[in-house]
Amino acid sequence: MEKKFKTDNQKITEASFKVSYRIALAGEAHVIGESLIKPCVQDIVSCVLGESYSKQVESVSLSNNTVKKCINDIAHDIELELISRLQACYAYALQLDESTDVAGLAIFLVFVRYDFNKNIEED
């Protein structure tokens, strides 16, 4: 059995992506990563695990630009996965709708239902 070991840079990058994903799910401003989340995590790690581990957390980049890039990369990967699933399936159903956001701007929504691994998926 082959074990794969992650380098420190890979772990730091993975942490940035995971936090960015949670920021996107929460719909929060991207700057919250650097202004709130990172200091809180550093405090927790410092208290629970010690100061040396807290310094490792400091190297995780959660700047506005990094979070934006991570969220865009995640969205692009999801889009590619959805396209490949739709190309592989026999048929799919589209539902189109219009909605408005809190600022009153119109949003075009597209829902797709398709068969994937003998289950009906909706994205």
Side-chain angles (χ1 to χ4, degrees):
M1 180 176 190
E2 181 182 332
K3 288 187 178 181
K4 294 185 179 180
F5 295 97
K6 294 182 182 176
T7 66
D8 286 342
N9 285 340
Q10 289 171 323
K11 292 177 186 177
I12 289 167
T13 302
E14 182 180 356
S16 290
F17 272 92
K18 286 185 174 187
V19 173
S20 297
Y21 179 71
R22 291 188 182 271
I23 291 171
L25 284 179
E28 295 292 334
H30 298 167
V31 295
I32 197 171
E34 199 167 51
S35 65
L36 179 65
I37 296 173
K38 188 173 179 178
C40 289
V41 171
Q42 285 178 304
D43 291 344
I44 292 168
V45 170
S46 177
C47 290
V48 176
L49 300 174
E51 195 63 37
S52 63
Y53 290 102
S54 177
K55 294 203 183 300
Q56 289 179 330
V57 172
E58 195 173 318
S59 61
V60 177
S61 179
L62 293 176
S63 69
N64 183 36
N65 290 338
T66 301
V67 171
K68 180 181 176 183
K69 182 187 176 309
C70 289
I71 291 171
N72 286 340
D73 288 347
I74 292 168
H76 182 70
D77 286 345
I78 291 171
E79 180 181 354
L80 291 177
E81 176 67 21
L82 178 59
I83 290 170
S84 70
R85 285 183 178 192
L86 291 176
Q87 288 173 339
C89 73
Y90 175 72
Y92 55 87
L94 289 176
Q95 177 183 348
L96 311 175
D97 197 5
E98 181 184 7
S99 183
T100 54
D101 64 6
V102 293
L105 297 172
I107 299 173
F108 182 60
L109 301 170
V110 179
F111 296 94
V112 62
R113 289 180 189 89
Y114 57 96
D115 181 32
F116 183 71
N117 291 337
K118 299 184 180 183
N119 290 321
I120 302 296
E121 297 284 330
E122 179 177 281
D123 292 314

Could you tell me the separation between the [atom1] atom of [X] and the [atom2] atom of [Y], rounded to the nearest 0.5 Å?
X: Q95; Y: R113; atom1: CD; atom2: CZ; result: 5.0 Å
X: Q10; Y: I12; atom1: CD; atom2: CD1; result: 10.5 Å
X: Q56; Y: E51; atom1: CD; atom2: CD; result: 11.5 Å
X: K68; Y: S63; atom1: NZ; atom2: OG; result: 11.5 Å

Note, [X] side chain near [Y] side chain (heavy atom, < 4.5 Å):
X: H30; Y: I71; result: yes
X: L80; Y: S84; result: no
X: D123; Y: Y114; result: yes
X: V19; Y: I37; result: yes
X: R22; Y: K18; result: no

To check you understand the geometry: which heavy-atom pair defines the closest contact between [X] and [Y], and what is its length?
X: A106; Y: T100; answer: CA-CG2, 4.3 Å
X: K38; Y: E58; answer: NZ-O, 2.8 Å
X: S99; Y: L109; answer: CB-CD1, 3.8 Å
X: S54; Y: V45; answer: N-CG1, 3.6 Å
X: S16; Y: V60; answer: OG-CG1, 3.6 Å

Determine whether [X] and [Y] fall in the same hydrophobic cluster, where Ile, Leu, Val, Met, Phe, Trp and Tyr are linked whenever their side-chain heavy atoms lie under 4.5 Å apart.
X: I78; Y: L86; answer: no
X: F116; Y: V110; answer: yes
X: I107; Y: F111; answer: yes
X: L82; Y: L96; answer: yes
X: V57; Y: I44; answer: yes

Just wondering, more than 12 heavy atoms not from F17 lying within 6.0 Å of its CZ? yes
Check this for me: K69, atom NZ, are more than 12 non-hydrogen atoms of other residues, nucleotides or ligands nearer than 6.0 Å? no
With a 3.5 Å distance limit and no angle check, can you tell me whether D101 reaches the backbone of A103 through a side-chain donor-acceptor pair? yes
Quick one: does any side-chain atom of T66 pair with a main-chain N or O of L62 as donor and acceptor, under 3.5 Å? no
